[in-house]
Amino acid sequence: MREIVTLQIGGAGNAIGDAFWHVISHEHGVDYASGRFGGTSQLQLERINVFFNATASKRFYARSILIDTEASTVQRLSASSQLYRPENFVAGNESAGNNFARGYHTDGAAILDQVLDNTRREVESVDSLQGFQLLHSIGGGTGSGLTSLIMEALVEQYPDNLLCNYVTIPSPNMSQVVVEPYNALLSIPALVNNSHLTFCLDNEALFQICNRNLKIEMSGHEHINHIVALTMSGITTCLRFPGQLNAGLRKIYVNMVPFPRLHFLIPGFAPLVTCKQQQFSKGTVSELVQQIFSSNNLLCAVDLRKGKLLTAAGIFRGRMSPREVDQLMTGVRNKNLNNFVDWIPNNIKTAICDIPPRGLKMSATFIGNTTAIQTLFQRLLDGSISMLRRKAHLHWYTGEGMEEREFTDAQEELQNIIEDYRGSGGEGGAADGNDEDSGDEGATTNGPQCTYCAD
(Lines give C-alpha, C1' and ligand atoms only; values in the text may rest on other atoms or scores of the structure.)
Protein backbone atom coordinates (compact mmCIF):
# COMPACT_ATOMS: atom_id res chain seq x y z
CA MET A 1 0.00 0.00 0.00
CA ARG A 2 1.32 3.46 -0.91
CA GLU A 3 0.50 5.56 2.14
CA ILE A 4 0.35 9.34 2.54
CA VAL A 5 1.07 11.39 5.67
CA THR A 6 -0.93 14.62 5.97
CA LEU A 7 0.33 17.73 7.76
CA GLN A 8 -2.24 20.48 8.32
CA ILE A 9 -0.57 23.68 9.44
CA GLY A 10 -2.04 26.86 10.88
CA GLY A 11 -5.66 27.95 11.19
CA ALA A 12 -6.52 27.70 7.48
CA GLY A 13 -4.69 24.41 7.02
CA ASN A 14 -6.47 22.78 9.95
CA ALA A 15 -9.88 24.06 8.84
CA ILE A 16 -9.40 22.69 5.31
CA GLY A 17 -7.91 19.48 6.70
CA ASP A 18 -10.87 18.92 9.00
CA ALA A 19 -13.28 19.39 6.07
CA PHE A 20 -11.19 16.92 4.02
CA TRP A 21 -11.37 14.26 6.73
CA HIS A 22 -15.12 14.82 7.00
CA VAL A 23 -15.53 14.10 3.29
CA ILE A 24 -13.24 11.10 2.85
CA SER A 25 -14.30 9.45 6.14
CA HIS A 26 -17.87 9.38 4.78
CA GLU A 27 -16.66 8.01 1.45
CA HIS A 28 -14.80 5.19 3.21
CA GLY A 29 -17.66 4.46 5.61
CA VAL A 30 -15.80 5.66 8.70
CA ASP A 31 -17.75 7.57 11.33
CA TYR A 32 -16.10 10.97 11.78
CA ALA A 33 -16.92 11.23 15.48
CA SER A 34 -15.84 7.75 16.63
CA GLY A 35 -13.55 6.39 13.88
CA ARG A 36 -15.61 3.19 13.65
CA PHE A 37 -16.21 1.58 10.26
CA GLY A 38 -19.86 1.42 9.23
CA GLY A 39 -19.59 1.07 5.48
CA THR A 40 -21.35 -1.37 3.20
CA SER A 41 -18.76 -2.08 0.51
CA GLN A 42 -15.43 -3.87 0.50
CA LEU A 43 -14.16 -1.18 -1.90
CA GLN A 44 -14.33 1.28 0.99
CA LEU A 45 -11.73 -0.77 2.86
CA GLU A 46 -9.56 -1.87 -0.06
CA ARG A 47 -7.29 1.19 -0.05
CA ILE A 48 -8.35 2.86 3.18
CA ASN A 49 -4.78 2.57 4.49
CA VAL A 50 -3.63 5.25 2.05
CA PHE A 51 -4.93 7.93 4.45
CA PHE A 52 -6.05 6.04 7.58
CA ASN A 53 -4.35 3.87 10.17
CA ALA A 54 -6.22 0.97 11.80
CA THR A 55 -6.01 0.25 15.53
CA ALA A 56 -6.21 -3.07 17.37
CA SER A 57 -9.76 -2.17 18.47
CA LYS A 58 -10.83 -1.97 14.79
CA ARG A 59 -11.03 1.80 14.79
CA PHE A 60 -9.51 4.03 12.14
CA TYR A 61 -7.69 7.27 12.71
CA ALA A 62 -6.45 9.90 10.29
CA ARG A 63 -2.75 9.72 9.44
CA SER A 64 -2.44 13.43 10.03
CA ILE A 65 -0.33 15.79 12.11
CA LEU A 66 -2.31 18.84 13.27
CA ILE A 67 0.00 21.80 13.82
CA ASP A 68 -0.42 25.37 15.00
CA THR A 69 1.64 27.84 16.96
CA GLU A 70 -1.36 28.55 19.19
CA ALA A 71 -3.40 25.87 20.93
CA SER A 72 -7.01 27.00 20.35
CA THR A 73 -7.42 25.52 16.86
CA VAL A 74 -6.03 22.08 17.65
CA GLN A 75 -7.89 21.94 20.96
CA ARG A 76 -11.18 22.49 19.14
CA LEU A 77 -10.43 19.70 16.68
CA SER A 78 -9.32 17.40 19.48
CA ALA A 79 -12.68 17.83 21.18
CA SER A 80 -14.70 17.40 17.98
CA SER A 81 -13.66 13.90 16.92
CA GLN A 82 -11.85 10.71 17.87
CA LEU A 83 -10.61 10.45 14.28
CA TYR A 84 -7.42 12.27 15.27
CA ARG A 85 -4.68 10.61 17.29
CA PRO A 86 -4.09 12.62 20.51
CA GLU A 87 -0.30 12.45 20.17
CA ASN A 88 -0.50 14.05 16.71
CA PHE A 89 -1.64 17.44 17.98
CA VAL A 90 1.30 19.86 18.05
CA ALA A 91 0.73 23.37 19.41
CA GLY A 92 2.96 26.18 20.58
CA ASN A 93 2.43 28.67 23.38
CA GLU A 94 1.87 31.81 21.32
CA SER A 95 0.50 32.73 17.91
CA ALA A 96 2.92 33.61 15.11
CA GLY A 97 1.01 36.89 14.82
CA ASN A 98 0.68 36.84 11.01
CA ASN A 99 4.45 37.12 10.78
CA PHE A 100 6.50 34.79 8.56
CA ALA A 101 9.60 35.51 10.61
CA ARG A 102 7.98 34.30 13.84
CA GLY A 103 6.70 31.16 12.13
CA TYR A 104 10.10 30.42 10.62
CA HIS A 105 12.63 31.68 13.17
CA THR A 106 11.07 31.78 16.65
CA ASP A 107 7.61 30.41 17.55
CA GLY A 108 7.54 27.89 14.70
CA ALA A 109 11.12 26.74 15.23
CA ALA A 110 10.29 25.99 18.88
CA ILE A 111 7.86 23.20 17.89
CA LEU A 112 9.68 21.90 14.78
CA ASP A 113 11.34 18.98 16.57
CA GLN A 114 7.98 17.81 17.96
CA VAL A 115 6.46 18.01 14.48
CA LEU A 116 9.29 15.96 12.98
CA ASP A 117 9.14 13.38 15.79
CA ASN A 118 5.40 12.84 15.24
CA THR A 119 5.92 12.70 11.49
CA ARG A 120 8.69 10.13 11.89
CA ARG A 121 6.44 7.95 14.04
CA GLU A 122 3.73 7.96 11.38
CA VAL A 123 6.25 7.28 8.60
CA GLU A 124 7.72 4.31 10.46
CA SER A 125 4.27 2.79 10.98
CA VAL A 126 3.54 2.45 7.24
CA ASP A 127 4.73 -0.15 4.75
CA SER A 128 5.55 2.04 1.75
CA LEU A 129 5.40 5.82 2.09
CA GLN A 130 4.18 7.56 -1.04
CA GLY A 131 4.64 11.12 0.11
CA PHE A 132 3.41 14.01 2.24
CA GLN A 133 0.34 16.18 1.83
CA LEU A 134 0.65 19.67 3.35
CA LEU A 135 -2.38 21.93 3.84
CA HIS A 136 -1.72 25.57 4.66
CA SER A 137 -2.18 29.22 3.78
CA ILE A 138 0.71 31.49 2.85
CA GLY A 139 -1.02 34.65 4.07
CA GLY A 140 -0.55 34.01 7.79
CA GLY A 141 2.57 33.58 9.88
CA THR A 142 2.26 29.88 10.78
CA GLY A 143 1.09 28.67 7.37
CA SER A 144 3.88 30.53 5.62
CA GLY A 145 6.87 30.52 7.98
CA LEU A 146 6.45 27.23 9.83
CA THR A 147 5.44 25.39 6.66
CA SER A 148 8.60 26.59 4.89
CA LEU A 149 10.65 25.34 7.83
CA ILE A 150 8.88 21.96 7.85
CA MET A 151 9.29 21.52 4.09
CA GLU A 152 13.03 22.09 4.29
CA ALA A 153 13.29 19.46 7.02
CA LEU A 154 11.12 16.92 5.15
CA VAL A 155 13.15 17.27 1.95
CA GLU A 156 16.33 16.70 3.93
CA GLN A 157 15.04 13.69 5.88
CA TYR A 158 12.87 12.07 3.17
CA PRO A 159 14.50 13.02 -0.16
CA ASP A 160 12.85 10.19 -2.12
CA ASN A 161 9.26 11.07 -1.17
CA LEU A 162 7.00 13.62 -2.83
CA LEU A 163 5.68 16.77 -1.17
CA CYS A 164 2.22 17.83 -2.29
CA ASN A 165 0.98 21.24 -1.10
CA TYR A 166 -2.58 22.57 -1.05
CA VAL A 167 -1.92 26.29 -0.66
CA THR A 168 -4.41 29.06 0.07
CA ILE A 169 -3.01 32.12 -1.68
CA PRO A 170 -4.05 35.60 -0.46
CA SER A 171 -6.02 37.90 -2.70
CA PRO A 172 -5.98 41.71 -2.40
CA ASN A 173 -9.76 41.77 -2.81
CA MET A 174 -10.22 39.42 0.16
CA SER A 175 -7.30 40.56 2.32
CA GLN A 176 -7.66 40.39 6.11
CA VAL A 177 -4.00 40.91 7.01
CA VAL A 178 -1.92 43.95 6.00
CA VAL A 179 1.35 41.99 5.74
CA GLU A 180 -0.06 39.14 3.62
CA PRO A 181 2.04 40.19 0.59
CA TYR A 182 5.22 39.79 2.62
CA ASN A 183 4.24 36.38 4.02
CA ALA A 184 3.24 35.08 0.59
CA LEU A 185 6.41 36.43 -1.01
CA LEU A 186 8.69 34.82 1.57
CA SER A 187 6.91 31.45 1.12
CA ILE A 188 7.62 31.27 -2.61
CA PRO A 189 11.25 30.03 -2.47
CA ALA A 190 10.27 27.03 -0.32
CA LEU A 191 7.34 26.17 -2.62
CA VAL A 192 9.46 26.50 -5.76
CA ASN A 193 12.46 24.53 -4.51
CA ASN A 194 10.95 21.97 -2.10
CA SER A 195 7.41 21.19 -3.25
CA HIS A 196 6.79 18.70 -6.07
CA LEU A 197 3.08 19.47 -6.59
CA THR A 198 1.48 22.73 -5.48
CA PHE A 199 -2.29 23.09 -5.84
CA CYS A 200 -3.18 26.79 -5.71
CA LEU A 201 -6.38 27.84 -3.92
CA ASP A 202 -7.76 31.34 -3.74
CA ASN A 203 -10.38 32.69 -1.31
CA GLU A 204 -11.54 35.19 -3.92
CA ALA A 205 -12.37 32.45 -6.42
CA LEU A 206 -14.00 30.31 -3.72
CA PHE A 207 -16.22 33.15 -2.51
CA GLN A 208 -17.17 33.89 -6.13
CA ILE A 209 -18.20 30.25 -6.57
CA CYS A 210 -20.45 30.50 -3.52
CA ASN A 211 -22.01 33.76 -4.69
CA ARG A 212 -22.21 33.09 -8.44
CA ASN A 213 -22.62 29.33 -8.81
CA LEU A 214 -24.33 28.39 -5.55
CA LYS A 215 -26.19 31.64 -4.78
CA ILE A 216 -25.55 31.33 -1.05
CA GLU A 217 -24.77 34.02 1.52
CA MET A 218 -21.45 33.59 3.27
CA SER A 219 -21.27 33.82 7.05
CA GLY A 220 -17.98 31.96 7.43
CA HIS A 221 -15.60 29.63 5.68
CA GLU A 222 -17.54 26.36 6.10
CA HIS A 223 -18.82 26.26 2.53
CA ILE A 224 -15.54 27.15 0.86
CA ASN A 225 -13.67 24.62 3.00
CA HIS A 226 -16.15 21.98 1.86
CA ILE A 227 -15.59 22.91 -1.80
CA VAL A 228 -11.84 22.55 -1.30
CA ALA A 229 -12.38 19.23 0.47
CA LEU A 230 -14.53 17.93 -2.42
CA THR A 231 -11.79 18.90 -4.87
CA MET A 232 -9.10 17.25 -2.76
CA SER A 233 -11.29 14.17 -2.56
CA GLY A 234 -11.50 14.15 -6.36
CA ILE A 235 -7.75 14.59 -6.81
CA THR A 236 -7.05 11.71 -4.42
CA THR A 237 -9.82 9.45 -5.77
CA CYS A 238 -7.51 7.21 -7.78
CA LEU A 239 -5.22 6.88 -4.79
CA ARG A 240 -8.12 5.66 -2.65
CA PHE A 241 -10.28 3.68 -5.10
CA PRO A 242 -9.53 1.62 -8.24
CA GLY A 243 -8.92 3.88 -11.26
CA GLN A 244 -7.57 3.78 -14.79
CA LEU A 245 -4.95 6.56 -14.53
CA ASN A 246 -3.01 8.58 -11.97
CA ALA A 247 -2.99 5.82 -9.36
CA GLY A 248 -0.44 7.62 -7.19
CA LEU A 249 1.23 10.94 -6.47
CA ARG A 250 4.20 9.94 -8.59
CA LYS A 251 2.02 9.41 -11.68
CA ILE A 252 0.27 12.75 -11.18
CA TYR A 253 3.71 14.35 -10.87
CA VAL A 254 4.99 12.69 -14.06
CA ASN A 255 1.88 13.55 -16.08
CA MET A 256 1.36 17.12 -14.90
CA VAL A 257 4.84 18.61 -14.39
CA PRO A 258 6.93 19.09 -17.58
CA PHE A 259 9.76 20.84 -15.68
CA PRO A 260 10.50 20.58 -11.93
CA ARG A 261 9.96 24.29 -11.24
CA LEU A 262 6.67 24.47 -13.15
CA HIS A 263 4.65 22.44 -10.65
CA PHE A 264 1.99 25.01 -9.69
CA LEU A 265 -1.40 23.52 -10.57
CA ILE A 266 -4.91 24.99 -10.76
CA PRO A 267 -7.66 22.69 -9.45
CA GLY A 268 -11.33 22.80 -10.43
CA PHE A 269 -14.48 20.85 -9.64
CA ALA A 270 -17.84 20.13 -11.23
CA PRO A 271 -20.72 20.15 -10.60
CA LEU A 272 -20.83 23.18 -8.32
CA VAL A 273 -24.59 23.51 -7.95
CA THR A 274 -27.27 23.15 -5.30
CA CYS A 275 -29.79 20.32 -5.42
CA LYS A 276 -32.40 22.81 -6.75
CA GLN A 277 -30.14 23.68 -9.67
CA GLN A 278 -29.52 19.99 -10.35
CA GLN A 279 -33.15 19.61 -11.43
CA PHE A 280 -32.45 21.75 -14.51
CA SER A 281 -29.15 20.18 -15.57
CA LYS A 282 -28.71 17.54 -18.24
CA GLY A 283 -26.61 15.26 -16.05
CA THR A 284 -24.25 14.29 -18.88
CA VAL A 285 -20.52 13.74 -19.16
CA SER A 286 -20.40 16.40 -21.87
CA GLU A 287 -21.74 18.93 -19.40
CA LEU A 288 -19.07 18.03 -16.84
CA VAL A 289 -16.30 18.40 -19.43
CA GLN A 290 -17.57 21.86 -20.39
CA GLN A 291 -17.64 22.96 -16.77
CA ILE A 292 -14.18 21.79 -15.69
CA PHE A 293 -12.60 23.82 -18.49
CA SER A 294 -14.54 26.90 -17.41
CA SER A 295 -12.76 29.50 -15.27
CA ASN A 296 -15.96 29.79 -13.23
CA ASN A 297 -15.32 26.33 -11.76
CA LEU A 298 -11.67 26.87 -10.86
CA LEU A 299 -10.62 27.22 -7.22
CA CYS A 300 -8.11 29.92 -8.10
CA ALA A 301 -8.84 33.36 -9.62
CA VAL A 302 -7.03 32.65 -12.89
CA ASP A 303 -8.51 33.07 -16.38
CA LEU A 304 -7.48 30.07 -18.49
CA ARG A 305 -8.01 32.15 -21.64
CA LYS A 306 -5.06 34.37 -20.70
CA GLY A 307 -2.52 31.59 -20.96
CA LYS A 308 -1.79 28.20 -22.49
CA LEU A 309 -2.23 24.84 -20.86
CA LEU A 310 1.00 22.90 -20.51
CA THR A 311 -0.84 19.85 -19.19
CA ALA A 312 -4.34 19.07 -17.99
CA ALA A 313 -6.10 16.15 -16.34
CA GLY A 314 -9.72 15.30 -15.71
CA ILE A 315 -10.58 12.83 -12.94
CA PHE A 316 -14.14 11.59 -13.38
CA ARG A 317 -16.25 9.80 -10.78
CA GLY A 318 -19.42 7.81 -11.40
CA ARG A 319 -20.59 5.29 -13.94
CA MET A 320 -19.75 6.54 -17.42
CA SER A 321 -18.26 5.33 -20.67
CA PRO A 322 -14.43 5.60 -20.80
CA ARG A 323 -14.62 5.95 -24.56
CA GLU A 324 -17.04 8.88 -24.30
CA VAL A 325 -14.84 10.59 -21.71
CA ASP A 326 -11.72 10.17 -23.86
CA GLN A 327 -13.50 11.46 -26.96
CA LEU A 328 -14.85 14.52 -25.16
CA MET A 329 -11.52 15.40 -23.52
CA THR A 330 -9.64 14.91 -26.79
CA GLY A 331 -12.29 16.97 -28.54
CA VAL A 332 -11.66 19.89 -26.19
CA ARG A 333 -8.01 19.90 -27.17
CA ASN A 334 -8.64 19.46 -30.89
CA LYS A 335 -11.12 22.35 -30.95
CA ASN A 336 -8.78 24.61 -29.00
CA LEU A 337 -5.30 23.77 -30.25
CA ASN A 338 -4.17 27.36 -29.85
CA ASN A 339 -4.99 27.13 -26.16
CA PHE A 340 -2.51 24.30 -25.54
CA VAL A 341 1.25 24.33 -25.99
CA ASP A 342 2.23 22.52 -29.18
CA TRP A 343 5.45 20.98 -27.89
CA ILE A 344 3.63 18.44 -25.67
CA PRO A 345 1.47 16.47 -28.14
CA ASN A 346 -0.54 14.36 -25.67
CA ASN A 347 -0.91 16.74 -22.77
CA ILE A 348 -4.48 16.03 -21.67
CA LYS A 349 -5.15 12.97 -19.49
CA THR A 350 -8.22 11.32 -18.01
CA ALA A 351 -8.97 9.02 -15.11
CA ILE A 352 -12.25 7.34 -14.20
CA CYS A 353 -13.45 5.92 -10.89
CA ASP A 354 -16.82 4.17 -10.70
CA ILE A 355 -17.52 5.38 -7.16
CA PRO A 356 -19.17 8.85 -7.16
CA PRO A 357 -18.84 11.36 -4.32
CA ARG A 358 -21.46 11.52 -1.62
CA GLY A 359 -24.68 13.14 -2.78
CA LEU A 360 -23.85 13.12 -6.53
CA LYS A 361 -24.35 10.69 -9.40
CA MET A 362 -21.17 11.82 -11.14
CA SER A 363 -18.50 14.48 -10.80
CA ALA A 364 -15.27 15.67 -12.39
CA THR A 365 -12.12 17.19 -10.95
CA PHE A 366 -9.82 19.32 -13.08
CA ILE A 367 -6.06 19.74 -12.68
CA GLY A 368 -4.38 22.25 -14.97
CA ASN A 369 -0.82 23.45 -15.37
CA THR A 370 -1.27 26.73 -17.21
CA THR A 371 0.94 29.67 -18.08
CA ALA A 372 -1.94 31.91 -16.98
CA ILE A 373 -0.82 31.36 -13.39
CA GLN A 374 1.85 33.98 -14.02
CA THR A 375 -0.90 36.60 -13.46
CA LEU A 376 -1.34 35.28 -9.92
CA PHE A 377 2.39 35.42 -9.24
CA GLN A 378 2.59 38.90 -10.75
CA ARG A 379 -0.15 39.98 -8.36
CA LEU A 380 1.87 38.70 -5.40
CA LEU A 381 5.01 40.40 -6.68
CA ASP A 382 3.33 43.76 -7.25
CA GLY A 383 1.82 43.75 -3.75
CA SER A 384 5.18 43.15 -2.09
CA ILE A 385 7.09 45.63 -4.28
CA SER A 386 4.87 48.56 -3.36
CA MET A 387 5.26 47.85 0.37
CA LEU A 388 8.96 47.00 0.29
CA ARG A 389 9.78 50.18 -1.64
CA ARG A 390 8.71 52.18 1.42
CA LYS A 391 9.97 49.48 3.83
CA ALA A 392 6.51 49.46 5.36
CA HIS A 393 6.09 47.00 8.28
CA LEU A 394 9.58 45.66 7.58
CA HIS A 395 10.69 46.16 11.17
CA TRP A 396 8.36 43.40 12.35
CA TYR A 397 10.40 40.94 10.30
CA THR A 398 13.92 42.27 10.83
CA GLY A 399 13.18 42.37 14.55
CA GLU A 400 12.67 38.60 14.51
CA GLY A 401 16.01 37.86 12.88
CA MET A 402 15.35 38.34 9.17
CA GLU A 403 17.38 40.49 6.79
CA GLU A 404 16.13 42.76 4.03
CA ARG A 405 18.17 40.70 1.58
CA GLU A 406 15.79 37.77 2.10
CA PHE A 407 12.92 39.86 0.70
CA THR A 408 14.80 40.85 -2.43
CA ASP A 409 15.95 37.24 -2.96
CA ALA A 410 12.35 36.07 -2.69
CA GLN A 411 11.24 38.72 -5.19
CA GLU A 412 13.95 37.54 -7.56
CA GLU A 413 12.76 33.93 -7.20
CA LEU A 414 9.18 34.99 -7.85
CA GLN A 415 10.21 36.98 -10.93
CA ASN A 416 12.13 33.96 -12.21
CA ILE A 417 9.12 31.65 -11.91
CA ILE A 418 7.01 34.22 -13.77
CA GLU A 419 9.59 34.26 -16.57
CA ASP A 420 9.73 30.45 -16.59
CA TYR A 421 5.97 30.21 -17.16
CA ARG A 422 6.01 33.06 -19.66
CA GLY A 423 8.76 31.40 -21.68
CA SER A 424 7.20 27.93 -21.57
CA GLY A 425 3.98 28.81 -23.35
CA GLY A 426 4.00 32.38 -24.58
CA GLU A 427 0.80 34.33 -24.89
CA GLY A 428 -2.50 32.64 -25.68
CA GLY A 429 -5.72 31.36 -24.14
CA ALA A 430 -7.19 28.13 -22.89
CA ALA A 431 -10.35 26.20 -23.46
CA ASP A 432 -13.43 27.58 -21.84
CA GLY A 433 -16.88 26.18 -21.28
CA ASN A 434 -20.33 26.74 -19.84
CA ASP A 435 -21.13 27.26 -16.19
CA GLU A 436 -24.12 25.06 -15.45
CA ASP A 437 -23.65 21.44 -14.60
CA SER A 438 -25.06 18.14 -13.49
CA GLY A 439 -25.46 15.96 -10.47
CA ASP A 440 -27.80 13.70 -8.61
CA GLU A 441 -28.07 11.74 -5.44
CA GLY A 442 -26.37 8.49 -4.66
CA ALA A 443 -22.91 7.71 -3.37
CA THR A 444 -20.97 5.30 -1.25
CA THR A 445 -22.69 6.26 2.01
CA ASN A 446 -25.82 7.98 3.15
CA GLY A 447 -25.71 11.75 3.41
CA PRO A 448 -27.64 14.95 2.88
CA GLN A 449 -28.91 15.74 -0.60
CA CYS A 450 -26.95 18.95 -0.85
CA THR A 451 -24.42 20.60 1.43
CA TYR A 452 -25.29 24.11 0.24
CA CYS A 453 -29.09 24.08 0.69
CA ALA A 454 -30.53 25.45 3.91
CA ASP A 455 -33.04 23.27 5.71
Side-chain angles (χ1 to χ4, degrees), residues 9-10 12-13 69 96-109 112 134 136-156 163 165-172 175 177-202 259-265 300 302 371 373-424:
I9 306 159
T69 50
N98 297 315
N99 188 331
F100 175 95
R102 293 186 63 174
Y104 188 90
H105 290 287
T106 54
D107 298 316
L112 177 64
L134 291 84
H136 60 106
S137 165
I138 58 173
T142 304
S144 60
L146 179 54
T147 302
S148 298
L149 195 61
I150 291 172
M151 290 173 66
E152 291 173 3
L154 291 178
V155 168
E156 181 180 346
L163 266 63
N165 295 65
Y166 291 86
V167 182
T168 302
I169 296 175
S171 166
S175 178
V177 179
V178 174
V179 293
E180 276 182 348
Y182 282 162
N183 295 330
L185 171 72
L186 294 167
S187 301
I188 292 298
L191 290 174
V192 171
N193 298 311
N194 297 324
S195 177
H196 297 93
L197 292 165
T198 302
F199 293 93
C200 301
L201 312 169
D202 187 333
F259 304 106
R261 287 169 59 85
L262 306 187
H263 59 253
F264 294 88
L265 310 178
C300 190
V302 168
T371 63
I373 201 170
Q374 63 184 279
T375 60
L376 183 148
F377 291 137
Q378 189 66 52
R379 188 181 75 197
L380 295 179
L381 183 61
D382 292 342
S384 64
I385 286 176
S386 59
M387 290 177 61
L388 194 58
R389 185 181 296 121
R390 297 292 186 111
K391 298 186 179 182
H393 301 282
L394 197 62
H395 63 285
W396 295 115
Y397 294 81
T398 55
E400 298 289 342
M402 293 194 70
E403 298 179 1
E404 189 174 339
R405 173 76 182 185
E406 295 180 63
F407 288 82
T408 56
D409 288 346
Q411 285 183 338
E412 191 173 312
E413 186 75 79
L414 187 51
Q415 184 62 55
N416 288 339
I417 199 69
I418 292 172
E419 295 299 331
D420 288 345
Y421 268 105
R422 188 172 294 158
S424 66

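Computed from a predicted model, the values in this text were never measured in an experiment. The analysis underlying the following values was restricted to heavy atoms, covering all of them including side chains, and did not include hydrogens, waters or symmetry mates.
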Mind checking the CG-CG spacing from Leu146 to Asp107? Nearest 0.5 Å is all I need. 9.5 Å
For Pro170 and Glu180, the nearest pair of non-hydrogen atoms, with its separation, is CB-OE1, 3.3 Å
Quiz question: by atom type and distance under 3.5 Å, do the side chains of Gln411 and Gln415 form a donor-acceptor pair? no
How many angstroms lie between atom OG1 of Thr198 and atom CG of Leu163, to the nearest 0.5 angstrom? 9.0 Å
For the student: nearest non-hydrogen atoms of Met151 and Ala190, plus distance: CE-O, 3.4 Å
For residues Leu186 and Met402, determine if any side-chain heavy atom of one lies less than 4.5 Å from a side-chain heavy atom of the other. yes
4.5 Å side-chain heavy-atom contact, Asn165 and Phe264: no
Side chains of Leu134 and Val167: closer than 4.5 Å at any heavy-atom pair? no
As a quick check of understanding, evaluate side chain to side chain contact (heavy atoms under 4.5 Å, CB included) for Thr398 and Glu403, giving each step before the final call. CA-CA 6 Å; Thr398 55; Glu403 298 179 1; over 6 Å; no
Hey, what do you get for CG (Leu394) to CE (Met387), rounding to the nearest 0.5 Å? 9.0 Å
Side-chain contact test, heavy atoms from C-beta onward, threshold under 4.5 Å: evaluate it for Asp409 versus Pro189 and give yes or no. no
Quick check: closest heavy atoms across Thr371 and Tyr421, and the distance to 0.1 Å? CG2-O, 3.3 Å
Could you pull out the closest heavy-atom pair between Phe100 and Ser148, with the gap in Å? CE1-OG, 3.6 Å
Under the criterion side chain to side chain contact (heavy atoms under 4.5 Å, CB included), I'd like the reasoning laid out for Thr69 against Arg102: C-alpha separation, chi angles, the key distance, then a yes or no. CA-CA 10 Å; Thr69 50; Arg102 293 186 63 174; over 6 Å; no
Ser171 vs Arg379 side-chain heavy atoms within contact, under 4.5 Å: yes
So how far is it from Arg389 CZ to Ser384 OG, rounded to the nearest 0.5 Å? 10.0 Å
Taking all non-hydrogen atoms of both residues, which atom of Asn183 and which atom of Gly139 are closest, and how far apart? ND2-O, 2.8 Å
Arg422 side chain reached by Phe377 side chain, heavy atoms, under 4.5 Å: no
From Ile418 atom CD1 to Leu376 atom CG, the distance as rounded to the nearest 0.5 Å: 9.5 Å
Just checking, any donor-acceptor pair under 3.5 angstrom between side chains of Gln378 and Asp382? yes
If only side-chain N and O atoms count, and only distance matters, is there a donor-acceptor pair under 3.5 Å linking Asn98 with Tyr182? no
Are any non-hydrogen side-chain atoms of Asn99 and Val179 less than 4.5 angstrom apart? no
What's the spacing between Ile138 CD1 and Leu185 CG if we round to 0.5 Å? 9.5 Å
Nearest heavy-atom neighbours spanning His263 and Leu191: NE2-O, 2.8 Å
